[in-house]
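Notes follow once the structure below has been shown.
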Amino acid sequence: GLHTTPEPGPNGAFYCLAMFPYPSGRIHMGHVRNYTIGDVIARYQTMRGKAVLQPMGWDAFGMPAENAAIKQGVHPATWTFDNIAHMRTQLKRLGLAYDWAREVTTCDPDYYRWNQWFFLQMVERGLAYKKHATVNWCPSCETVLANEQVVDGACWRCETPVTTRELSQWFLKITAYADELLAWCDRLPGWPERVLTMQRNWIGRSEGVEVDFRILGSDRSIRIFTTRPDTIFGVTFLTLAPDHPLVPALTAGRPEEPAVNAFIERVAAQDPRARAEASTKEGVFTGSSAINPLTGRPIPIWVGNFVLMSYGTGAVMAVPAHDQRDFEFATRYRLPVRLVIQNPAGTLDPEGLTEAYVEEAGRLIESDEFSGLAPAEAQARIAAAIETRGHGRRIVHYRLRDWGISRQRYWGTPIPMLYCERCGVVPVPERDLPVVLPQDVPFTGRGGSPLAESPQFLHAPCPTCGGPARRETDTMDTFVDSSWYFLRYAVWPRTPDRALDPDAVARWLPVSQYVGGIEHAVLHLLYARFFTKVIRDLGLIRIDEPFSGLLTQGMVIKGGAKMSKSKGNVVDPDQLIATYGADTARLFMLFAAPPDKDLEWSDEGVEGIHRFLGRVWRLVAAWVTAGEGRPAPAVNGIADGAPEHRVRRAMHRAIHRVTKDIEDQYHFNTAVAALMEYVNTLSEFRPDDGPAVGAAMIEALDTLALLLAPFAPHLAEQLWFERGHPPSVGRRDWPVADPAWLTEARVTVPVQINGKLRGTIVVDASASQEDVVAVALADPKIQGWVGGHVPRKVVYVQGRLVNLVL
RNA sequence: GCCGAAGUGGUGGAAUGGCAGACACGGCGGACUCAAAAUCCGCUGCGGGCAACCGCGUGGGGGUUCAACUCCCCCCUUCGGCACCA
């Protein structure tokens with residue numbers, strides 16, 4: 001009954017989503033942890049009365065399927081669907097309350113046709129475009145990679161060092177949303193700060209000024225980008241990237257030309273990573289000079305290995321006095337250093353700087369009418385002056401680059417474009433979607449786009465002129481598939497004629513709680529945010545962000561390293577479930593660490609959880625055997641301290657703590673600890689302790705089943721059945737703690753002398769400070785510490801602590 | 001270098017201004033058993049003491065407070081992200 005999604009009712013909707021897996025073959029412990037966390041949240045919200053959508057699907061396109069085809073001769077589709085069938089069985093064994101009817105499989109043409117449709121919408125709006133560019137290339141995967149997929153200079157999937165290639169590729173214009181993606185980082189309170197920080201860093205916004213420096217003896221100029229226009233009077237030279245397009249013109253026919261060319265060749269031959277790590281700043285004079293537009297003074301133009309063509313304009317104004325890189329460069333080549341900001345203490349010596357002064361504090365000097373200003377104000381004034389005098393403009397630069405989505409692989413969504421001899425690049429008309437992946441493709445592993453090997457696929461008539469045309473043979477990055485799948489889940493029944501049903505999406509989205517690995521902090525999570533905004537601007541949805549809450553669970557590690565085949569430290573979930581059952585697997589994952597921290601695998605820990613579940617079973621079994629069908633107890637008027645009172649109090653306390661731990665930041669480890677304490681308390685009582693205890697116990701054990709239901713659903717259901725209740729415990733209301741039972745009439749209060757614990761006293765919880773101090777001073781042990789002194793000061797925190805300051 | 005997270009017993013971890021170490025693992029001792037397993041009970045931060053107790057203790061140093069793992073300042077270490085980004 002939990003596995004069908006109800007319509008959202010008056011109690012509201014809750015969309016609980018775990019990142020869908022790649023069907024690699026078998027589930028691993030990371031999946032078990034991820035999906036258990038999500039399932040606890042979904043089951044809890046169900047019992048809280050929310051209409052809950054918890055779907056599951058398959059991120060089914062990707063390289064491993066193709067590699068299997070190359071190595072074993074099995075078709076990627078066969079391999080993928082076999083894996084899905086197996087993994088679905090594995091997930092079902094864990095007792096995850098998914099609505100399997102809504103399953104999404106991205107390699108299904110009914111799904112990927114909408115990838116193609118969204119792509120065409122983006123082409124129409126200029127958000128998808130083709131350009132010739134230097135792109136990241138993985139020699140092992142033999143395909144292009146997006147910037148986000150290069151991790152430490154290596155392929156995100158296979159860790160092969162990435163090289164570059166010059167290729168004509170399709171890009172999605174994520175930079176058009178850079179500002180909005182950044183701005184919303186401040187409006188996602190349900191996201192972990194570290195993920196937001198990573199996204200902010202990745203987008204890398206920087207405000208500055210572009211300034212044109214006219215080349216001496218030429219009508220051309222060099223455009224530089226700076227974030228420090230306040231230092232422009234300190235510019236003593238310009239530095240261009242070695243591959244800056246103006247370099248040849250600057251050196252042509254000059255005596256410096258051979259030296260410059262030799263330098264450029266030397267830098268180009270360097271591996272980009274080695275270049276980044278080489279901290280020595282080297283360069284060469286071009287022989288040309290430029291004019292500083294604010295001072296009118298001529299300055300030499302250099303080429304430097306530390307200037308990157310890929311950022312800003314590929315040219316920088318060098319201010320050695322206020323930029324450490326420029327300072328090192330100037331020192332090496334004996335170029336002038338011009339101090340234009342004096343520090344607040346006035347201690348900087350213009351003739352004897354030993355390092356750049358980069359702080360934005362102090363006053364401008366030697367800067368004409370701007371002298372005397374603070375750097376922050378000078379930045380605004382000088383930027384304005386540059387604009388009004390026509391030397392440049394204020395501009396914002398981003399580190400974020402457009403998303404290259406062309407992949408030279410088979411097992412992905414075909415890019416729905418045609419190349420006509422007469423009409424050029426032509427989109428496939430919407431009515432012709434989906435462009436289906438052909439079956440007759442040889443898997444040779446030789447590289448190149450495999451789709452080009454299928455003549456039937458390759459040749460198609462041009463939709464515009466009917467003449468011969470060739471299909472695009474690259475496929476889409478698989479991250480396109482996962483950029484909107486969470487929207488498709490909400491559409492039910494599925495609409496074969498359109499990607500999204502706006503009403504269905506409005507009913508469920510944004511995702512209330514998303515659960516997945518931190519490794520997607522700037523991959524999937526950035527792309528999905530981008531797609532959501534594009535789809536919003538297409539008018540199909542009204543949300544700005546896809547995921548309200550985000551929980552990034554930690555890794556499962558063993559022996560200090562992430563579980564992996566190569567490390568040989570994997571523990572197979574099937575083995576775990578076969579030996580101990582799904583509930584032990586689930587509870588261990590929840591108890592061993594807070595969800596966002598790494599979890600160290602422990603065989604002994606698993607045993608411990610298994611023992612706990614055994615104790616729960618024996619506890620309930622003992623009482624069921626002894627006292628079936630007892631009526632609900634009446635416990636009012638029972639004296640404080642009576643055993644049945646203790647049972648009742650423990651029950652309300654457990655309800656309170658488990659509820660609070662789930663609600664506050666999903667502290668499942670302490671929620672499970674609270675359940676253990678509860679069970680420990682209930683275990684103190686025996687069926688022959690009398691009818692009052694028996695009545696309280698029966699109620700307490702029912703509550704135990706309810707509290708256990710989200711965590712260990714199988715055992716909870718069985719306990720519920722043993723108690724004679726109809727199924728299902730997971731559909732009953734979550735219990736509510738009565739605040740009256742959470743407080744005690746008499747409390748044990750620690751007594752401190754001068755802040756040090758010296759004893760405890762038992763007082764009425766409502767006792768006044770005077771009464772409590774009197775009891776404390778009457779205590780023989782306390783008297784020994786106080787001696788004959790009168791406390792100089794007394795602090796009493798009601799029911800918590802008393803501190804006597806002597 | 002910049003940004004972020006973290007540092008607590010033998011181990012995983014708890015406590016977010018009020019009894020540090022909940023809960024669990026491991027260890028030690030005991031019960032049951034011919035024996036073992038399972039189960040149950042007790043003890044378990046470090047040092048001192050026969051003991052009741054005492055001293056010390058949350059990476060290091062300083063500060064605020066009656067009271068600090070918790071707040072403030074400085075420093076160290078680890079992990080993660082970005083990075084000759086102009």
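Here is the naming used below: chain letters follow the sequence lines, and residue numbers restart at 1 for every chain.
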Counting any heavy atom closer than 4.0 Å, what does [X] reach on the DNA or RNA strands: base, sugar-phosphate only, or nothing?
X	answer
R758(A)	sugar-phosphate
D326(A)	nothing
G204(A)	nothing

Problem - Under the side-chain hydrogen bond (donor to acceptor under 3.5 Å, both in side chains) test, residues paired with N147(A) that sit two or more places apart - result: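 Testing N147(A) for side-chain hydrogen bond (donor to acceptor under 3.5 Å, both in side chains), a comparison that skips the adjacent residues, returns N136(A).
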Problem - Partners passing side-chain hydrogen bond (donor to acceptor under 3.5 Å, both in side chains) against T175(A) (at least two apart in sequence or in another chain) - result: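 For T175(A), the residues satisfying side-chain hydrogen bond (donor to acceptor under 3.5 Å, both in side chains) (neighbours in sequence not counted) are D402(A).
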Which atom pairs, donor and acceptor, lie under 3.5 Å between side-chain atoms of residues 516-526 of chain A and protein residues at least two apart or in another chain?
| from | atom 1 | to | atom 2 | distance (Å) |
| --- | --- | --- | --- | --- |
| H524(A) | ND1 | S482(A) | O | 3.3 |
| H524(A) | NE2 | Y514(A) | OH | 2.6 |

Practice task
Could you tell me the separation between the CG atom of N680(A) and the P atom of rC25(B), rounded to a whole number of Å?
Solution key: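 That distance rounds to 10 Å.
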Within the sub-3.5 Å range, which N or O atoms of nucleotides 65-70 of chain B have a protein N or O partner, and how far apart are they?
| from | atom 1 | to | atom 2 | distance (Å) |
| --- | --- | --- | --- | --- |
| rC66(B) | OP1 | K793(A) | NZ | 3.3 |
| rC66(B) | O2' | N803(A) | ND2 | 3.1 |
| rC66(B) | O2 | N803(A) | ND2 | 2.6 |

Practice task
Report the secondary structure of RNA chain B in dot-bracket form, marking unpaired bases with a dot and bases paired to a different strand with |, and treating Watson-Crick or G-U pairs with both distances under 3.5 Å as paired.
Solution key: (((((((..(((.....[....)))((((((.......))))))((((....))))..(((((..]....))))))))))))....
Practice task
Output the residues of residues 773-785 of chain A in contact with RNA chain B, where contact means a heavy atom of the residue under 4.0 Å from an atom of the strand; sort by number or write none.
Solution key: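 Residues of residues 773-785 of chain A that come under 4.0 Å of RNA chain B are, in numerical order, W785(A).
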Problem - Pairing residues for V396(A) by the side-chain contact (heavy atoms from CB on, under 4.5 Å) criterion, not counting sequence neighbours - result: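 Partners of V396(A) under the side-chain contact (heavy atoms from CB on, under 4.5 Å) test: R205(A), E207(A), Y398(A).
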Exercise for the section: Nearest-nucleotide wise, let me know which of R399(A) and I609(A) is further upstream toward the 5' end of RNA chain B. Expected result: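 That would be I609(A).
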Problem - Comparing T226(A) and M198(A) on RNA chain B - which has the more 5′ nearest nucleotide - result: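 Going by which nucleotide is closer to the 5' end, it is M198(A).
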Exercise for the section: Please collect all salt bridge (charged side-chain N to carboxylate O under 4.0 Å, His left out) contacts where either partner lies in residues 748-767 of chain A, sequence neighbours excluded, each pair once. Expected result: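 The answer is R746(A)-D764(A).
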Exercise for the section: Scan for salt bridge (charged side-chain N to carboxylate O under 4.0 Å, His left out) pairs involving residues 592-602 of chain A, sequence neighbours excluded, and state none if there are none. Expected result: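 Passing the test, one end in residues 592-602 of chain A: no pairs.
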Practice task
Summarise protein proximity over nucleotides 1-16 of chain B in one line of letters, 5' to 3': B for base, S for sugar-phosphate only, - for none, counting protein heavy atoms closer than 4.0 Å.
Solution key: --SS-------BSS--
Problem - Heavy-atom protein contacts under 4.0 Å, nucleotides 40-51 of chain B, coded B base, S sugar-phosphate only, - none - result: S-----------
Handout entry: Nearest-Å distance once atom P is located in both rC41(B) and rC23(B)
Key =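 That atom pair is separated by 13 Å.
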For residues 669-677 of chain A, dump all side-chain donor-acceptor pairs below 3.5 Å to protein atoms at least two apart in sequence or in another chain.
| from | atom 1 | to | atom 2 | distance (Å) |
| --- | --- | --- | --- | --- |
| T670(A) | OG1 | D661(A) | OD2 | 3.0 |
| T670(A) | OG1 | H667(A) | O | 3.0 |
| E677(A) | OE2 | R657(A) | NH1 | 3.2 |
| E677(A) | OE2 | R657(A) | NH2 | 3.1 |

Practice task
Report the nucleotide, chosen from rA86(B), rC19(B), rC56(B), that has the shortest atom-to-atom distance to any side-chain atom of K756(A).
Solution key: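 Out of rA86(B), rC19(B), rC56(B), the nucleotide with an atom closest to K756(A)'s side chain is rC56(B).
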